[in-house]
Amino acid sequence: MSKFSVSCGTLVLDGAGRLLLGHVTGTAAWDIPKGMQDPGETPLEAAMRELREEAGLAFAPARFADLGQLPYRRDKRLHLFRVEAGGELGDLGQLVCTSYFPHQATGKPTPEMDGFRWAARDELSQLCWPRMASLLLTLAW
């Protein structure tokens with residue numbers, strides 16, 4: 001049994017090199033689409049599924065560049081991929097999260113992400129949780 005879990009995610013970049021972030025419902029933070037690997041899933045399959053569930057995006061597997069597994073917390077690693085989307089996404093208003101959690105007060109199904117935006121490197125420290133911003137800023141994307 002591994003002493004840490006692995007969360008798989010994707011850095012989706014536009015033509016200006018900005019990163020796609022989703023707003024984490026019920027918080028002030030923005031994050032990349034990511035989540036835990038299901039049993040039997042490869043890291044790429046998990047990253048592709050999370051991108052589809054959390055942002056409604058699907059890209060061909062060949063477009064995912066493997067950035068490898070990175071330390072994130074004592075009990076968690078991130079396996080990240082990068083996709084160059086260029087100008088193909090256009091209006092981010094079309095993106096939709098279909099991954100839900102029960103709302104803490106009402107129990108109603110609530111989307112994990114409730115909005116999307118592009119962010120430049122110099123905005124990450126203000127938008128993301130400190131640990132995620134620090135990790136993203138160590139990467140060349």
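For the pair Gly26 and Asp114, the tightest heavy-atom approach, listed with the atom from each and the gap, is N-OD2, 4.5 Å. Of all heavy-atom pairs spanning Arg74 and Arg77, the tightest one is O-NH1, 3.8 Å. Ala46 approaches Glu41 most closely through the heavy-atom pair CB-OE1, 3.4 Å. The shortest heavy-atom contact between Thr42 and Gln37 is C-NE2, 3.6 Å. Looking at every heavy atom in both residues, Leu127 comes nearest to Ala119 through CD1-CB, 3.7 Å.
Atom CG of Asp14 is separated from atom CD of Glu84 by 9.5 Å, given to the nearest 0.5 angstrom. Of the inter-residue distances, the one linking Leu124 atom CG with Trp129 atom CH2 reads 13.5 Å to the nearest 0.5 angstrom. One distance of note links CD of Glu112 with CD of Glu50; it measures 7.0 Å at 0.5 Å rounding. Taken from CE in Met113 to OG in Ser99, the straight-line distance is 9.0 Å, to the nearest 0.5 Å. Note: Met36 CE to Cys8 SG = 8.0 Å, rounded to the nearest 0.5 Å.
Transitive grouping of hydrophobic side chains (ILVMFWY, heavy atoms separated by less than 4.5 Å) keeps Leu89 and Leu19 in distinct clusters. Under the 4.5 Å side-chain contact rule for hydrophobic residues, Trp118 and Trp30 do not share a cluster. Using a 4.5 Å cut-off between side-chain heavy atoms of Ile, Leu, Val, Met, Phe, Trp and Tyr, with links allowed through other members, Val12 and Leu95 fall into the same hydrophobic cluster. Under a hydrophobic clustering in which Ile, Leu, Val, Met, Phe, Trp and Tyr are joined whenever their side-chain heavy atoms come within less than 4.5 Å, directly or via other members, Leu80 and Leu21 fall into the same cluster. By the criterion of side-chain heavy atoms lying less than 4.5 angstrom apart, applied directly or through intervening Ile, Leu, Val, Met, Phe, Trp or Tyr residues, Leu11 is not grouped with Val6; the two fall into different hydrophobic clusters.
Remark: the backbone N or O of His103 is not paired with any side-chain donor or acceptor of Thr106 at under 3.5 angstrom. The closest donor-acceptor contact from the side chain of Thr110 to the backbone of Lys108 lies under 3.5 Å.
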Taking only distance into account, with no hydrogens and no angle test, what donor-acceptor pairs under 3.5 Å do side-chain atoms of residues 133-141 form with protein atoms, sequence neighbours excluded?
{"from": "Ser134", "atom 1": "OG", "to": "Pro130", "atom 2": "O", "distance (Å)": "3.0"}
{"from": "Thr138", "atom 1": "OG1", "to": "Leu135", "atom 2": "O", "distance (Å)": "2.6"}
{"from": "Trp141", "atom 1": "NE1", "to": "Leu136", "atom 2": "O", "distance (Å)": "3.0"}

In a table with atom names and distances, give each donor-acceptor pair under 3.5 Å that connects a side chain of residues 51-59 to protein atoms at least two apart or in another chain.
{"from": "Glu53", "atom 1": "OE1", "to": "Arg49", "atom 2": "NH1", "distance (Å)": "3.3"}
{"from": "Glu54", "atom 1": "OE1", "to": "Lys34", "atom 2": "N", "distance (Å)": "3.1"}

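Side-chain contact between Pro43 and Phe81 is present, with at least one heavy-atom pair separated by less than 4.5 Å. Side-chain contact check for Lys76 versus Phe4: every heavy-atom pair is 4.5 Å or farther apart. Between Leu20 and Leu92, some side-chain heavy-atom pair lies under the 4.5 Å cut-off.
Screening Met132, Gln69, Arg73 against Leu78 for a side-chain contact (heavy atoms from CB on, under 4.5 Å) leaves a single residue, Met132.
Residues passing the ring-ring contact (aromatic ring centres under 6.0 Å, His included) test with Phe116, sequence neighbours excluded: none.
More than 12 heavy atoms of other residues, nucleotides or ligands shown are found within 6.0 angstrom of CD on Gln126.
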